[in-house]
Amino acid sequence: MTTMSKRKPNEAGSRRRTSLVVLAESSIAIDDQKEARERMQEQRKAIEAQLKADEEKLERVRQSKALGDIISEKMNVILDSFNRRLEGLEDTIGPLHTQTMKLTLMQSNLAQVDTYLAEVLKYYSTSEKVARRLETGPSINLEEFLGAMNELQEAIRYFEKTNNSTSPEFKKLNDSYDRAKESLGHAFHDELEQHSEPIVPKEILEQQESDLYLGLSVLPKAVISTLKRILAYMKEDDIKSDLLPSYAKIRGEKILTGLEASVQRPVTQTPSRNITRSQPRSLLRSRPKSFRKVRPPDSSSRMNKRASMSQDMMMTPAKTPKRSGDRNFDDGFDTESLAAVYEKGTHPFIIYCKVMLRSMIQEQALLQLLLQDTGAESLDTDFAQLAFEPVVSAWVAQSEAFYSASALRNLVGPSELFIFDVLLFFHGKKKDLASVMRNCSSELLMRLNQVALSFADLGRKILMGFLDQTQGDSLLKVPPDGTVHEHTTNTLSFLSSLYEYDVVVGSLLTEGFTTSNKTELNLCTREQARDSMSSWLNGVLDVLCDNMSRKARQFESQTLQTVFMMNNLDYILRYLVTSPYIETIRVKDSQIDSRYIQSITKERKKYQEQTWGKTLDYLKVEAQHLSGIAPGSLTRKEREVVKEKYSHFNEEFEMILKEQRPYAMPNKELRDQVNEDNINCVVPQYNKFDKVYRHSGFSQKNPQKYLKYSGEEIQLKLANLFSNK
């Protein structure tokens, strides 16, 4: 019962909530319907307003249509009237228009006839019209002159077009044009001739290479502009016939004239084939101006420090400085100053070749500049061949003649160093030479290459001959004081001079080198050249030492033989130490400087034995006297023996000083070493002997006769043995 009583209130509450929900939903639905009715009323009012506006607009359209119909009817009436009037006017004007058109056509025909007649008359009067402008010539006003020529050309084309070539006026026009063309050619010639100067070798050698390829320094810009304008106007055939010969003659002569400035002496030998009178003077007797004089070696000098000598030094070997005044080279050692050596690049033929090549580069640049944008670019080859081939031909002929003269001299030494300069030039400038000669005949190029190959053969012959010359130098002429032989200084000087041509020389010395079946000069790599150069240098030094050894045997004194060998070996050693070749030489003989040091040491020991071996025998102390001698204890016989020893030592010592004082030992370091050896060899032995016997009473009447020298005095004399003191 209790449960039933609790359930009834819950069910009543639920029904009340459901009723409330239904009531709320009904209220919402009623509100929605009310809003819908309001919207429909608003839409109806809007539609009714729109209908009313459309009816009013329709009414206005109806009124406008009625008014348009009235206006259209009136316009039709007006247009019909206007049409009738136009038809009447057409009937009236038509015949007049026809007559007018006929008259207009006749007038047009008359105007055309008048224009044609004026054109024809212009062509017939052209020659008189331009006569004054042509008479002034192109030099006054080139553009006016060319304008007059254009008018002549136009008139000539008219007569040619109308097949009226038999007309006297046509002939007159052609004559005028030919004269004008001739004047233009003369103007080209005069302008080029007036402003063309012979090349100046010094200037062209000092000029930057980049400027050579511009070609702007040959002629003024205004002149170049004028020449280009003339070239641009002239036809190709006219350029070939009129301008090309003038250009070739003028520029070719200027080059040849300038090249003569680099030649020092005229031809005295028989000229080679293909040499003409127009060619520059020969270089066969020319000698380089710049050489380096012999001077005492100076370790601070470098290879680029050279003094100048006279031209006669080229053919004369340098002489070793005399000993008087400065016989000892105390300032060090300089491998570059051993003899008069040719200075690189100074031979007239080298200068001639350089000037020639740079001139041709400059001329080709000028030619390209003149032909650029003229329409005549295709004539570049014709211009170059006609203008430059004679110059190149003269150069090739000079080269052939110069080679022939060089080969005939058959000399070996510094005077022939220019041959390696020639090879260096031909190899280093191979590309430039090919460019310069690209428009020349293949025969010239072959001849020039053959000259280079011939010089290569000659250079190899000189190098091989130098070995024989070094080995076979005369044994009769030796320096009386045993100083460094002239042959040694000259040989090392020549070797030093070759350093600047190491690749060239190394290539020529390569085993199996030959120029046969070759068309151009080709050098090997620096490594290959270094290997062959090392073998050759070692060979030269070996034969030089052998020659010095045989020369030494010409001295009667064995001591002087040793001094002579020491001097020369020491000189060679110092050359090796300071030479730029040392690493190259060591490629084939890594111990070469050690070998020379050992040889010099051996000669020093030999010198000591030869000089003091006998003399020191007199300074031996008797065994019984080593412990000391009491004054007056010597027997008479012992006293006589001591006297003899002192006397013989004094005589030998003085004789050695007298004999060796004239001997030369130029290197202070070697001289000091030898003197120190002498002191160490003699003074201790003498002091020991003198200490035992000086106060022994061996001579009571005249002891100073025997006691001439103290140990200090002997040491001083030995210290100055080779210094003339």
Original post:
Are Leu458 and Ser454 close enough, and set up right, to give a side-chain contact (heavy atoms from CB on, under 4.5 Å), and what steps lead you there?
Top reply: CA-CA 6 Å; Leu458 183 57; Ser454 298; over 6 Å; no

Original post:
CG of Leu184 to CD1 of Ile230: how many Å apart, nearest 0.5 Å?
Top reply: 4.5 Å

Subject >> salt bridge (Lys or Arg N to Asp or Glu O under 4.0 Å) contacts touching residues 131-148 (sequence neighbours left out) >> reply: Arg133-Glu151, Glu143-Arg229

Subject >> Over all atoms of both residues, closest heavy-atom pair of Ala452 and Leu423 >> reply: O-CD2, 3.4 Å

Original post:
Does the side chain of Val422 reach to within under 4.5 Å of the side chain of Val451, using non-hydrogen atoms?
Top reply: no

Subject >> Which residues share a ring-ring contact (aromatic ring centres under 6.0 Å, His included) with Tyr177, sequence neighbours left out >> reply: none

Subject >> Which residues share a side-chain hydrogen bond (donor to acceptor under 3.5 Å, both in side chains) with Glu193, sequence neighbours left out >> reply: none

Subject >> Glu253: side chain to side chain contact (heavy atoms under 4.5 Å, CB included) partners, not counting sequence neighbours >> reply: Lys249

Original post:
Of Phe418, Phe420, Tyr403, which is the lone residue that meets ring-ring contact (aromatic ring centres under 6.0 Å, His included) with Phe455?
Top reply: Tyr403

Subject >> Which atom of Ile156 lies closest to which atom of Asn174, heavy atoms considered >> reply: CD1-OD1, 3.3 Å

**OP:** Please round to the nearest 0.5 Å and tell me the distance separating atom CG of Leu357 and atom CD of Gln362.
**Re:** 11.5 Å

Subject >> Non-neighbouring partners of Ser176 that pass side-chain hydrogen bond (donor to acceptor under 3.5 Å, both in side chains), sequence neighbours left out >> reply: Arg179

**OP:** Tell me, with the steps shown, if Leu219 and Leu227 meet side-chain contact (heavy atoms from CB on, under 4.5 Å).
**Re:** CA-CA 10 Å; Leu219 297 173; Leu227 298 179; 3.9 Å; yes

Subject >> Step-by-step side-chain contact (heavy atoms from CB on, under 4.5 Å) determination, Ser139 to Phe145 >> reply: CA-CA 9 Å; Ser139 58; Phe145 188 85; over 6 Å; no

Subject >> Considering all heavy atoms, the nearest Glu389-Cys440 contact >> reply: OE1-CA, 3.6 Å

**OP:** Would you name the heavy atoms of Ser399 and Phe349 that are closest together and state the gap between them?
**Re:** OG-CZ, 3.4 Å

Subject >> Closest non-hydrogen atom pair between Tyr581 and Leu495, with its separation >> reply: CE1-O, 2.7 Å

Original post:
By side-chain hydrogen bond (donor to acceptor under 3.5 Å, both in side chains), which residues pair with Lys430, not counting sequence neighbours?
Top reply: Asn522

**OP:** To the nearest 0.5 angstrom, please state how far the CG atom of Leu448 sits from the OG atom of Ser393.
**Re:** 11.0 Å

Subject >> Asp175: side-chain hydrogen bond (donor to acceptor under 3.5 Å, both in side chains) partners, not counting sequence neighbours >> reply: Lys171

Original post:
Are side-chain heavy atoms of Val392 and Met360 found at a separation under 4.5 Å?
Top reply: yes

**OP:** For Tyr247, enumerate each residue passing the ring-ring contact (aromatic ring centres under 6.0 Å, His included) test, keeping only those at least two apart in sequence or located in another chain.
**Re:** Phe383

Original post:
Given Leu366, which of Gln368, Glu363, Gln364 fulfils the side chain to side chain contact (heavy atoms under 4.5 Å, CB included) condition?
Top reply: Glu363

Original post:
Rounded to the nearest 0.5 Å, what separation is found between the CE atom of Met533 and the OG atom of Ser507?
Top reply: 10.5 Å

Original post:
Minimum heavy-atom separation for Met149 to Ala180, with atom names?
Top reply: CG-CB, 3.7 Å

Original post:
Does a side-chain heavy-atom distance below 4.5 Å link Tyr352 with Trp395?
Top reply: yes

Subject >> Counterpart residues, side chain to side chain contact (heavy atoms under 4.5 Å, CB included), relative to Lys354 (two or more places apart) >> reply: Leu205, Ile350, Phe425

Original post:
What pairs with His186 under side chain to side chain contact (heavy atoms under 4.5 Å, CB included), at least two apart in sequence or on another chain?
Top reply: Glu182, Asp190

Subject >> Side-chain heavy atoms of Arg438 within contact of Ser435, under 4.5 Å >> reply: yes

Subject >> salt bridge (Lys or Arg N to Asp or Glu O under 4.0 Å) involving Lys228 - partner list, sequence neighbours excluded >> reply: none

**OP:** Using side chain to side chain contact (heavy atoms under 4.5 Å, CB included) as the criterion, list what pairs up with Ser532, not counting sequence neighbours.
**Re:** Leu509, Thr510

**OP:** Quick one: pull up CG in Leu173 and CG in Leu152 and give me the separation to the nearest 0.5 Å.
**Re:** 6.0 Å

**OP:** List the steps and the verdict of side-chain contact (heavy atoms from CB on, under 4.5 Å) for His195 and Glu191.
**Re:** CA-CA 6 Å; His195 296 91; Glu191 193 78 3; 3.6 Å; yes

